[in-house]
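I have placed the structure first, in the form of structure tokens, so that the comments after it can refer back to it.
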Amino acid sequence: MAGQYVAYTFFQIDPAWRRLPVEEREAHRDAFADVVEEFTPQFDHLRTYSTTGVRPETDFFLWKITERYEALGELGAALNATPLTAWLRTPYNYLATTKASQYTQARRARKLVPQGSPYLVVYPFVKVRPWYELAPEERQRAMDEHIRIGREEFPSIHNHTSYSFGIDDQEFMTAFECDEPADFMHLMLRLRDSEASRYTERDTPIFVGQLMPIQEALSRLDGVSALVEDHD
């Protein structure tokens with residue numbers, strides 16, 4: 001059953017780290033970034049998103065897509081060997097895989113290919129049990145409406161749903177690339193009118209990440225780059 005593993009790992013810096021000397025913090029950031037950049041060619045996609053200033057419990061996250069499950073552990077071990085990781089918490093970590101959707105004509109698991117939009121909205125998703133008790137044609141009708149709204153009314157938003165049944169606590173991991181976070185808010189508001197939304201049990205926590213190079217995301221942990229720019 002060929003497919004991809006999709007993982008989202010969130011990091012939060014210990015505030016005490018900001019009291020270290022600037023040169024030490026810079027070395028920590030560089031070592032962490034070097035590992036991410038070294039491993040990037042080994043993944044189908046490995047991208048960094050900053051959540052600094054948005055959610056208090058996370059500062060940035062990695063979106064990892066690979067056909068090798070082992071690659072996730074190898075990257076994790078390499079990052080654990082960097083000095084910055086001693087100052088990082090991982091408040092959330094999600095795992096999923098790809099497969100062919102039963103609600104489309106696809107017969108093979110589609111490859112997740114990030115579009116490069118500036119923002120990524122990520123959240124775990126669980127449906128209530130009565131959803132699975134519906135007749136297949138009822139579920140298909142509800143999902144047809146759900147899919148149509150997204151494709152026709154919000155074409156600039158790209159859906160990257162993956163599946164977590166049996167390998168993580170949630171049923172799905174939903175990720176949406178968008179040009180503006182407000183665009184996704186309007187999509188969600190619109191989908192609340194759809195039949196399928198009645199069967200949602202949980203769709204939180206929700207994270208809005210801003211795409212950027214790993215070095216830039218790490219520089220936001222202590223604002224050093226901002227201070228340098230202001231001084232110049």
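Fair warning: this is a prediction, and the values are worked out from it, not measured in the lab.
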For this session: Apply side chain to side chain contact (heavy atoms under 4.5 Å, CB included) to Asp222 and Ile13, showing your working.
Result: CA-CA 9 Å; Asp222 54 0; Ile13 194 68; over 6 Å; no
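- In this model, no donor atom of one side chain and acceptor atom of the other lie less than 3.5 Å apart for Ser162 and Thr98.
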Show the atom names and distances, to 0.1 Å, of all donor-acceptor pairs under 3.5 Å that link a side chain in residues 75-93 to residues at least two apart or in another chain.
residue, atom, partner, partner atom, Å
Asn80, ND2, Gly76, O, 3.4
Thr82, OG1, Leu79, O, 2.7
Thr82, OG1, Thr85, OG1, 2.9
Thr85, OG1, Leu79, O, 2.4
Arg89, NH1, Gln12, OE1, 2.4
Tyr92, OH, Glu57, OE2, 3.0
Asn93, OD1, Thr9, OG1, 2.4

Exercise. Where do Phe207 and Tyr123 land on the ring-ring contact (aromatic ring centres under 6.0 Å, His included) test, with the steps shown first?
Worked result: CA-CA 6 Å; Phe207 308 91; Tyr123 58 92; 9.4 Å; no
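- Under the 4.5 Å side-chain heavy-atom criterion for grouping Ile, Leu, Val, Met, Phe, Trp and Tyr, Phe125 is connected to Phe154 within one hydrophobic cluster.
- Under the 4.5 Å side-chain heavy-atom criterion for grouping Ile, Leu, Val, Met, Phe, Trp and Tyr, Ile167 is connected to Leu72 within one hydrophobic cluster.
- The two residues Pro155 and His158 have their closest heavy-atom pair at O-CE1, 4.1 Å.
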For this session: Check the pair Arg141 / Glu195 against salt bridge (charged side-chain N to carboxylate O under 4.0 Å, His left out), numbers first and verdict last.
Result: CA-CA 9 Å; Arg141 184 182 66 251; Glu195 181 180 357; 3.7 Å; yes
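- With sequence neighbours excluded, the residues that form a side-chain contact (heavy atoms from CB on, under 4.5 Å) with Leu134 are Trp131, Glu138, Arg139, Tyr199.
- The salt bridge (Lys or Arg N to Asp or Glu O under 4.0 Å) search around Glu70 returns none, not counting sequence neighbours.
- Shown here is Asp193, whose CG atom has more than 12 heavy atoms of other residues, nucleotides or ligands within 6.0 Å.
- Considering only residues two or more places apart in sequence or on other chains, Ser117 meets the side chain to side chain donor-acceptor pair (under 3.5 Å) condition with none of them.
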Exercise. Stepwise, does the salt bridge (charged side-chain N to carboxylate O under 4.0 Å, His left out) test hold for Glu67 with Lys111?
Worked result: CA-CA 10 Å; Glu67 295 181 7; Lys111 284 187 175 292; 2.3 Å; yes
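- For Val122, the side-chain contact (heavy atoms from CB on, under 4.5 Å) criterion is met by Tyr8, Phe61, Leu120, Met173, Ala175, not counting sequence neighbours.
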For this session: Applying ring-ring contact (aromatic ring centres under 6.0 Å, His included), run through Phe32 and Phe11 and close with a yes or a no.
Result: CA-CA 12 Å; Phe32 192 98; Phe11 298 95; 5.8 Å; yes
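- For the pair Ser50/Asp59, no side-chain contact is recorded, criterion being any heavy-atom separation below 4.5 Å from C-beta on.
- A donor and an acceptor atom, one from each side chain of Glu177 and Asn159, are nowhere located under 3.5 Å apart.
- Partners of Phe165 by side-chain contact (heavy atoms from CB on, under 4.5 Å), not counting sequence neighbours, listed by chain and number: Tyr132, Tyr163, Glu171, Phe172.
- Using a 4.5 Å cut-off on side-chain heavy atoms (C-beta onward), Leu221 and Trp17 make contact.
- For the ring-ring contact (aromatic ring centres under 6.0 Å, His included) test, residues two or more places apart in sequence or in another chain that qualify with His160 are Trp63.
- Across Thr40 and Val36, no two heavy atoms sit closer than the pair OG1-O, 2.7 Å.
- The side-chain heavy atoms of Gln210 and Thr51, taken from C-beta on, include no pair separated by under 4.5 Å.
- Ion pairing between Lys64 and Asp44 fails under the 4.0 Å rule for side-chain N and carboxylate O.
- Nearest heavy-atom pair, Arg202 versus Asp169, reported as atom, atom and distance to 0.1 Å: NH2-O, 4.3 Å.
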Would you give me the side-chain donor-acceptor pairs under 3.5 Å for residues 182-192, sequence neighbours excluded?
residue, atom, partner, partner atom, Å
Asp183, OD2, Glu180, N, 3.4
Arg190, NE, Glu153, OE1, 3.0
Arg190, NE, Glu153, OE2, 3.4
Arg190, NH2, Glu153, OE2, 3.2

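- For Arg198, there are no salt bridge (Lys or Arg N to Asp or Glu O under 4.0 Å) partners two or more places apart in sequence or in a different chain.
- Under the rule for a salt bridge (Lys or Arg N to Asp or Glu O under 4.0 Å), Arg18 has no partner lying at least two apart in sequence or in another chain.
- The salt bridge (Lys or Arg N to Asp or Glu O under 4.0 Å) check on Glu74 picks up Arg68, with sequence neighbours excluded.
- Applying the side-chain contact (heavy atoms from CB on, under 4.5 Å) rule to Ser197 yields the partners Ser194; only residues at least two apart in sequence or on another chain are considered.
- Hydrophobic clustering of Ile, Leu, Val, Met, Phe, Trp and Tyr side chains at less than 4.5 Å, counting indirect connections, unites Tyr49 with Tyr94.
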